[in-house]
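Here is the structure we will look at, set down as structure tokens.
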Amino acid sequence: MSWRETFGQLARTIDTVFPGDRDLDALFAKGRPLRVKLGIDITSTSVTIGNGIPLRILARFQELGHVAVLILGDFTTLVGDPSGRDKTRPVLTPEEVVQNGETWLEQIKGLLDLDRAEVRRNGEWLAKLDSSQLLTLSSQLTVAQMLERDSFATRYRAGSPIHLHEFLYCLFQGYDSIAVNADVELGGTDQTFNVNMGRVLQKNAGMRPQVCVTNPLLEGVDGHKKMSKSVGNSICLDTPAKDMFGLATRIPDELIEKYLRLATDLADETIADLGRGDPWNAKKSMAEALTARHYGAETAARERTEFERVFAEKKLPEDIPEYVAPPGRTVLELVRGAFSMTSGEAKRLIKQGAVTVAGNKMTDASTVIEHTDGDVLRAGKRRFASLRVGPS
RNA sequence: GCCAGGAUGGCGGAGCGGUCAAACGCACCAGACUGUAAAUCUGGCGGGGUAACCCUACACUGGUUCGAGUCCAGUUCCUGGCACCA
């Protein structure tokens, strides 16, 4: 039986199994619980739905009776992942790293059965490596091998800095596989180099090399870059339902299929059907399915209705935050106060015709408003405030 | 240690000693267009002021100048290369 059948629908979230499909099948055939490793970088606190992909695969292994070994990279996070090194990396304190780890676990407990999982922190063993062990590890690689790696090659050619510890990063990650005795390692396709390092090190240590299972990366809602919290194009597990739906509808059409495949639990046939139909409908169904996965079908359906009401029918949202202001305020003051922006921003919006009060477009910032309770102040498409008369 | 280059907005990156709140690009915001979008077009994008206008910015400290991101000196940090490698 092939692993594809074992994974069923989830197989569509797997990019590559290497060295080869049959290696994973062979592991399954052994009939013993496998140790399946997933290492996570806890630089940021939010878990994106992209991060969720390997977590779901891990959860599936768990369901199949295998051991989910979740490694919080507390040590490696302090070292810093080479990718994106040119950005000024906020230096995290050990306390922050601990805190981030907790936040992570809190957010993913809906995806993974943490009670049955083996949660480890790689500082547990990495912090204890002594110099001679480090030497042994690092002597297993050549500089040429490292420079083959695309991100290093590019930077080297460009004369950009490459720090020595960046070479060590993947060694550490590889060593994790030895430390937890991994049979399988999961990770995004961007981790191919790193997870393969685990194989090399394990082999040299006389262990059977792990099988690596990579998943496709999910582009962010901007449609270009990899989904990431720092880029600001992400949908996170803790994104409120309303925003989750809204953000999902903002992806470019080209990505609908990919999102359906990677971010929803819809059946393959349903996805195929949606692909043949109206793209706008497919996108909304995707957004609804995604929201449903995290907040339940009922909430998702409600958000869809609400969305259609606000954007398609141009009606007001159901819940509008209130803003209390005394009468006789200028438009500028209202916009500033209600949406807490600088006057510059507020003036700009007004000048550009983005602001309405009770449906009337206000283009003069100095207009004095005598509002009554329930008048809606609007700035742009998605900023609303319900005005109320009262002391400021 | 030596040589060289660099430090400007959220980012990248311009900027003959004066008119720089800072070209251009990206990101972002708004408007138009649409099916929310994306693409495209238009406008905006340090802070305050209705406005005229004012204030704060070009690593830091001094200096030269009527006037300095722009010149000089020192300091800090970054990068590349070279040397050293007992």
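Below, read A as the first sequence line, B as the second, and so on, with proteins coming before strands; counting in each chain starts at 1.
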d(CZ, A:Arg383; P, B:G31) in whole Å:
9 Å
With respect to the side chain of [X], which nucleotide from [options] is positioned closest?
X	options	value
A:Ala354	B:C29, B:G48, B:G31	B:G31
A:Asp253	B:G44, B:A37, B:A30	B:A37
A:Thr249	B:A30, B:A38, B:U36	B:U36
A:Thr342	B:G47, B:A37, B:G44	B:G47

Which is true for [X] with a 4.0 Å heavy-atom rule: it touches a base, it touches only sugar-phosphate, or it touches nothing?
X	value
A:Arg304	nothing
A:Lys347	base
A:Arg382	sugar-phosphate
A:Lys283	base
A:Ala365	nothing
A:Leu332	sugar-phosphate

Centroid-to-centroid, A:His294 to A:Phe245, below 6.0 Å?
no
Strictly below 4.0 Å, N to O, side chains only: are [X] and [Y] in salt-bridge contact?
X	Y	answer
A:Arg32	A:Asp183	yes
A:Asp23	A:Arg208	no
A:Arg121	A:Glu102	yes
A:Arg304	A:Glu308	yes
A:Glu333	A:Arg336	no

Taking any strand in view, what nucleotide pairs with [N] in a Watson-Crick or G-U wobble way, both distances under 3.5 Å?
N	result
B:C16	none
B:C33	none
B:G25	B:C11
B:A52	none
B:A73	B:U61
B:A4	B:U79

Which atom names give the shortest non-hydrogen contact between A:Val355 and A:Val331, and what distance separates them?
CG1-CG1, 4.0 Å
I'd like the P distance from B:U76 over to B:U65, given in whole Å.
27 Å
Please work out whether B:G69 sits syn or anti, treating a glycosidic angle within 90° of 0 as syn.
syn
Check: A:Glu185/A:Gln191 side-chain N/O donor and acceptor closer than 3.5 Å:
no
Tabulated below should be each protein N or O lying under 3.5 Å from an N or O of nucleotides 24-26 of chain B; please produce it.
none

Below 4.0 Å: OP1/OP2 of [N] and any side-chain N or O of [X]:
X	N	result
A:Arg336	B:G49	yes
A:Lys361	B:G31	no
A:Ser366	B:A51	no

For A:Gly353 and A:Glu254, take the nucleotide of RNA chain B holding the closest heavy atom to each; which residue's nucleotide lies nearer the 5' end?
A:Gly353
Nearest-nucleotide check on RNA chain B, A:Phe311 vs A:Lys351; residue mapping nearer the 5' end is A:Phe311
Under the ring pair (Phe, Tyr, Trp, His ring centres under 6.0 Å) rule, what do A:Tyr323 and A:Phe384 come out as? Steps first, then yes or no, please.
CA-CA 10 Å; A:Tyr323 179 66; A:Phe384 299 88; over 10 Å; no
